[in-house]
Amino acid sequence: MTTTYLTTEELSERIKYDVRTIRQQLNDSVLLEGKHYIKPFGRRKILYLWEAVEEEMLSGRHIGEMDIPMANGAVCHG
């Protein structure tokens, strides 16, 4: 299985969301580190795993205001 790594700018072009929206609203609420993106070599740069992001978009799941994303990708409905 091939993994496609994208920068924030490249992801922005593919999903038609502004770079700031991805960084401020999607990271760590919808897109989770380790599942949808990584920080290679422990650095600041973020690389998104396209296949995981695409799967999340197509799943139709919606995280509500009271939902808490868990590290393993599950959601706690608070």
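Below, each value reflects all heavy atoms present in this structure, side chains not excepted, and no hydrogens, waters or symmetry copies. These numbers were taken from a predicted model, which means no experiment stands behind them.
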Checklist entry - What residues form a side-chain hydrogen bond (donor to acceptor under 3.5 Å, both in side chains) with Arg14, not counting sequence neighbours? => result none
Item to check | Side-chain heavy atoms of Leu49 within contact of Thr4, under 4.5 Å | outcome: no
Item to check | Spatial distance of atom CZ (Arg20) from atom CZ (Arg23) [nearest 0.5 Å] | outcome: 10.5 Å
Item to check | Least distance between heavy atoms, His36 atom then Val53 atom | outcome: O-CG2, 3.8 Å
Item to check | Side-chain heavy atoms of Trp50 within contact of Leu11, under 4.5 Å | outcome: yes
Next on the checklist: Side chains of Glu33 and Asn27, heavy atoms from C-beta outward: is any pair under 4.5 Å?
Outcome noted: no
Checklist entry - Partners of Gln24 by side-chain hydrogen bond (donor to acceptor under 3.5 Å, both in side chains), sequence neighbours excluded? => result none
Next on the checklist: Minimum heavy-atom separation for Tyr37 and Leu31, please, with both atom names.
Outcome noted: CE2-O, 3.4 Å
Checklist entry - Do Glu51 and Thr3 have a side chain donor and acceptor closer than 3.5 Å? => result no
Item to check | Donor-acceptor pair, side chain of Glu9 and main chain of Val19, under 3.5 angstrom | outcome: no
Item to check | Tyr48-Met57 co-clustered via ILVMFWY side chain contacts under 4.5 Å | outcome: yes
Checklist entry - Out of curiosity, Leu32 CG to Leu26 CG, how far, rounded to the nearest 0.5 Å? => result 11.0 Å
